[in-house]
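In this text the structure is predicted, and so the values were computed from the model without any measurement. FYI, the numbering just counts along the sequence from 1.
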Amino acid sequence: MADHHYRLFLAWQGDRGTGTSGYRDYGRDVLVRAEGKPDLLASADAAFRGDPGRWNPEELLLAALSQCHLLSYLHSAVRHGIVVTAYDDEPVGVLRQVGQGGRFTSVTLRPRVCITDPAQVVLAREIHAEASANCFIAASVAFPVRHEPTIITAAPGA
């Protein structure tokens, strides 16, 4: 067993001169930094008075789930001898707001995976379950993360 530690720096950038004197009086802009990486400009979702041009926590959670699954899937593909030449995803998350709070109720990943061997299409679809089980982020959330994969084949260089 190994513990891995992650560190960020977050700074609120939304003081418009009167701080949080009223709900509409402050911005939701946040700067996220990690050593050696480009700054990430974040905010609340536009529905919560945030800047729609910045990343919001809900999008970042969705991105983390999608990217974690992608990386776990690529690892599983190598272990099973499946050559993946392309992978993209259009994940969708559902957040139910209840009063001032709320929670995600589900995320559906929709990966499109291109592999080289048509004989491995079924296996390529099946290892999404393995990838999900190995994804650190999916294992850490309290809502279902579903998968609706599409597997296509193409010869290398095609």
Side-chain angles (χ1 to χ4, degrees), residues 1-20 23-80 82-97 100-116 124 127-152 156-157:
M1 179 183 337
D3 289 341
H4 300 271
H5 300 267
Y6 301 89
R7 182 182 304 264
L8 296 173
F9 171 81
L10 279 81
W12 174 54
Q13 298 178 317
D15 183 7
R16 295 178 178 152
T18 60
T20 57
Y23 183 72
R24 290 176 166 74
D25 297 336
Y26 64 95
R28 276 62 174 175
D29 294 351
V30 176
L31 173 67
V32 182
R33 285 194 170 138
E35 187 175 332
K37 295 180 174 71
D39 290 350
L40 181 64
L41 301 179
S43 186
D45 184 14
F48 306 111
R49 305 195 56 78
D51 181 343
R54 289 178 173 230
W55 288 91
N56 65 58
E58 296 81 11
E59 291 168 328
L60 293 171
L61 177 61
L62 196 58
L65 283 163
S66 179
Q67 182 181 356
C68 185
H69 185 82
L70 177 152
L71 295 170
S72 296
Y73 184 86
L74 296 178
H75 178 76
S76 292
V78 168
R79 291 192 47 216
H80 289 276
I82 298 170
V83 177
V84 174
T85 58
Y87 182 119
D88 61 58
D89 190 8
E90 293 187 42
V92 175
V94 177
L95 180 125
R96 178 169 296 138
Q97 186 177 356
Q100 292 183 23
R103 62 185 293 274
F104 271 87
T105 58
S106 69
V107 163
T108 302
L109 306 178
R110 295 190 172 113
R112 284 180 305 276
V113 182
C114 184
I115 64 172
T116 58
I127 67 170
H128 280 282
E130 178 181 310
S132 182
N134 292 333
C135 172
F136 306 136
I137 308 301
S140 301
V141 299
F143 53 83
V145 179
R146 298 181 182 95
H147 311 94
E148 296 176 356
T150 300
I151 310 296
I152 58 174

Kindly indicate whether the side chain of [X], heavy atoms from C-beta on, has any atom under 4.5 Å from the side chain of [Y].
X: E35; Y: F9; value: no
X: L40; Y: L60; value: yes
X: H147; Y: S132; value: yes
X: I115; Y: T85; value: no
X: I127; Y: I82; value: yes
X: D89; Y: S66; value: yes
X: D25; Y: R16; value: no
X: E148; Y: H128; value: no

- Heavy-atom count around Q13 CD within 6.0 Å, excluding the residue itself: above 12?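 More than 12 within 6.0 Å, yes.
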- H80 atom NE2, over 12 foreign heavy atoms within 6.0 Å: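 Atom NE2 in H80 is packed in, count exceeds 12.
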- Query: Should the ring pair H69 and Y87 be called parallel, tilted or perpendicular, given that the plane angle runs from 0 to 90° and is split at 30 and 60?
  - Reply: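 Tilted: the ring planes of H69 and Y87 meet at 30° to 60°.
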[Y] backbone acceptor or donor facing [X] side chain under 3.5 Å:
X: W55; Y: A44; result: no
X: D45; Y: F48; result: no
X: S43; Y: D51; result: yes
X: R146; Y: V107; result: no
X: R103; Y: A142; result: yes
X: Q67; Y: A64; result: no

- Query: Does NZ or CZ of R28 lie under 6.0 Å from the centre of the six-membered ring of Y26, at an angle within 45° of the ring axis?
  - Reply: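 Yes, R28 and Y26 form such a contact.
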Approximate separation, where rounding is to 0.5 Å, of [X] [atom1] and [Y] [atom2]:
X: R96; Y: F104; atom1: CZ; atom2: CZ; value: 12.5 Å
X: D29; Y: L41; atom1: CG; atom2: CG; value: 8.0 Å
X: C135; Y: L109; atom1: SG; atom2: CG; value: 8.0 Å
X: I152; Y: R112; atom1: CD1; atom2: CZ; value: 8.5 Å
X: T150; Y: D88; atom1: OG1; atom2: CG; value: 9.5 Å

Closest non-hydrogen atom pair between [X] and [Y], with its separation:
X: A124; Y: Y73; result: O-OH, 2.7 Å
X: L61; Y: F143; result: CD2-CZ, 4.0 Å
X: A77; Y: V84; result: CB-CG2, 3.7 Å
X: A131; Y: S72; result: O-CB, 3.3 Å

